[in-house]
Amino acid sequence: ALSTGTTVRVEDDTFTDRDGRLLPVAYSAAPIMVDQDVQGLVVVFTDVSARRAIEQRNKRELETLSWVGRNRDALDEERLVLYAQPIIDVNGREVVAHELLLRMVDRAGAIIAPGRFLPAAEQFGLIEEIDRWVLAQAIKLAGRGIKVHFNISGKSLGSRELISDLMRGLRDSGAAPSLLVCEITETALANDEAVAEAYVHELRVLGCEIALDDFGTGYGGFSYLKRLPLTVVKIDIEFVRDLPENPQNQHVVKAIVNLAEAFGRQTIAEGVENQATLELLKQYGVDFAQGYEIGRPA
Ligand code: C2E
Ligand code: MG
Ligand code: MG
């Protein structure tokens with residue numbers, strides 16, 4: 001602006017304020033002209049945080065929408081697969097069950113994690129169909145005598161179709177219902193508590209076991225422990241991963257074990273990434289463990 005005498009506008013820059021905070025800004029610089037000479041410059045900054053936030057939200061929403069079609073295609077083209085991750089008994093170290101974890105295979109054969117495609121399915125209604133497909137696979141494995149944990153979304157709690165699939169599947173396969181462990185997250189239960197609670201009871205009456213997933217990350221944990229007919233509580237990765245170095249997490253894990261024991265529930269620690277963690281879990285009386293140190297989902 002100084003050299004050419006024209007106004008310059010910049011739409012996308014970053015401004016560092018006195019406290020060192022970075023602000024997204026647009027600015028214009030206009031020369032002050034006196035008798036054809038540039039005598040100075042007026043610079044006006046505009047904070048564009050709000051606009052930037054809207055742009056980013058739109059981008060995220062577009063990304064989610066783009067997954068809706070891809071989920072439909074994956075279901076139709078049978079490009080969903082289940083990986084299995086072993087769960088061991090902490091004392092004897094033998095494998096007692098496997099958790100089934102969903103993956104999508106894209107048309108080029110690449111594996112896509114559930115965190116990328118499930119949010120769109122949950123938001124736009126395909127999740128029930130996906131959860132029913134997962135249940136069907138779980139029942140087949142249970143029919144062969146394999147104990148499996150499967151995850152269902154909060155959106156599917158209340159699904160009549162899922163329950164009738166389960167009843168029919170159990171009858172046709174002759175699978176022992178106790179070989180099926182349904183994993184439900186704390187946050188999923190919070191959606192509609194009355195419906196969720198009735199649903200969990202129904203699953204339990206059919207003989208399936210119930211695991212409360214990601215325990216410790218939601219708000220209702222203690223009350224679910226008391227009210228729901230849970231079999232087992234899964235201690236969230238967040239409290240387990242760095243257990244040997246993190247005294248606060250050690251307190252949390254010990255407290256969860258005490259609490260679960262008081263209510264007659266078993267415990268599974270998720271996200272065990274080293275032997276030192278496994279040793280501590282044994283000391284604390286955790287029943288089962290799962291994690292990369294024991295076996296990756298495969
Ligand atoms: P989740 O049920 O809590 O599953 C545990 C997640 O932790 C899995 O991620 C697993 O791969 C990962 N994990 C296991 N061991 C370790 C470890 O040692 N360290 C670390 N850092 N991570 C570990 P994944 O497979 O990406 O699944 C993410 C979530 O997606 C699951 O959390 C579950 O909520 C959901 N999900 C997975 N499969 C299904 C499904 O079939 N149906 C539904 N509705 N949700 C599913
Ligand atoms: Mg799970
Ligand atoms: Mg979990």
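Atoms within a ligand are numbered from 1 in the order they appear, just like the ligands themselves.
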Inset, instruction - Would you mind running through ligand 1 and noting each atom that sits below 4.0 Å from a heavy atom of Arg241? - result: 21 (N)
Legend entry - Inter-residue atom distance Asp73.CG - Arg107.CZ, 0.5 Å rounding: 4.5 Å
Legend entry - Nearest neighbour in protein (non-hydrogen) for atom 6 (C) of ligand 1: Ile237 CD1, 4.4 Å
Inset, instruction - Pick one of side chain, backbone, both or neither for how Thr185 approaches ligand 1, counting any non-hydrogen atom pair under 4.0 Å. - result: neither
Inset, instruction - Check each atom of ligand 1 against the heavy atoms of Leu118 and keep those under 4.0 Å away; list them by number with element. - result: 36 (N), 43 (C), 45 (N), 46 (C)
Inset, instruction - Check whether any N or O atom of Glu122, backbone or side chain, sits under 3.5 Å from an N or O atom of ligand 1, and answer yes or no. - result: no
Inset, instruction - Measure from atom 9 (O) of ligand 1 to the protein's non-hydrogen atoms and state whether any distance is below 4.0 Å. - result: no
Inset, instruction - Identify the protein heavy atom lying closest to atom 31 (C) of ligand 1, giving its residue, its atom name and the separation to 0.1 Å. - result: Leu101 CD2, 4.4 Å
Inset, instruction - Quick one: look at Val272 and ligand 1, take heavy-atom pairs under 4.0 Å, and tell me if it's side chain, backbone, both or neither. - result: backbone
Legend entry - ILVMFWY cluster, Leu162 and Val195 together (side-chain gap under 4.5 Å): no
Inset, instruction - Please name the atom of Glu99, restricted to N, O or S, that is closest to the Mg ion (ligand 2). - result: OE2
Inset, instruction - State whether the shortest distance between N or O atoms of Gln85 and N or O atoms of ligand 1 falls below 3.5 angstrom. - result: yes
Legend entry - Closest protein heavy atom to atom 29 (C) of ligand 1, given as residue, atom name and distance to 0.1 Å: Pro114 CG, 4.4 Å
Inset, instruction - Check each of Glu293, Glu99, Arg116, Glu273 against atom 21 (N) of ligand 1 and report the one with the nearest heavy atom. - result: Glu273
Legend entry - Verify atom 42 (N) of ligand 1: protein non-hydrogen atom under 4.0 angstrom away: yes
Inset, instruction - Answer yes or no: does an N/O atom from Leu102 fall short of 3.5 Å to an N/O atom of ligand 1? - result: yes
Inset, instruction - Return a yes/no value: protein heavy atom under 4.0 Å from atom 15 (N) of ligand 1? - result: yes
Legend entry - Atoms of ligand 1, numbered as shown, that sit under 4.0 Å from any heavy atom of Val134: 41 (O)
Inset, instruction - Could you tell me whether ligand 1 has any atom less than 4.0 Å away from a heavy atom of Pro297? - result: yes
Legend entry - Side chain, backbone, both or neither: the part of Lys234 lying under 4.0 Å from ligand 1 by heavy atom: neither
Legend entry - Metal environment of the Mg ion (ligand 3), protein N/O/S under 2.8 Å: Asp213 OD1, Asp214 OD1, Glu270 OE1, Glu270 OE2
Inset, instruction - Compute the minimum heavy-atom distance from Arg296 to ligand 1 and say whether it is under 4.0 Å. - result: no
Inset, instruction - Would you check whether Gln290 has a nitrogen or oxygen atom less than 3.5 angstrom from a nitrogen or oxygen atom of ligand 1? - result: no
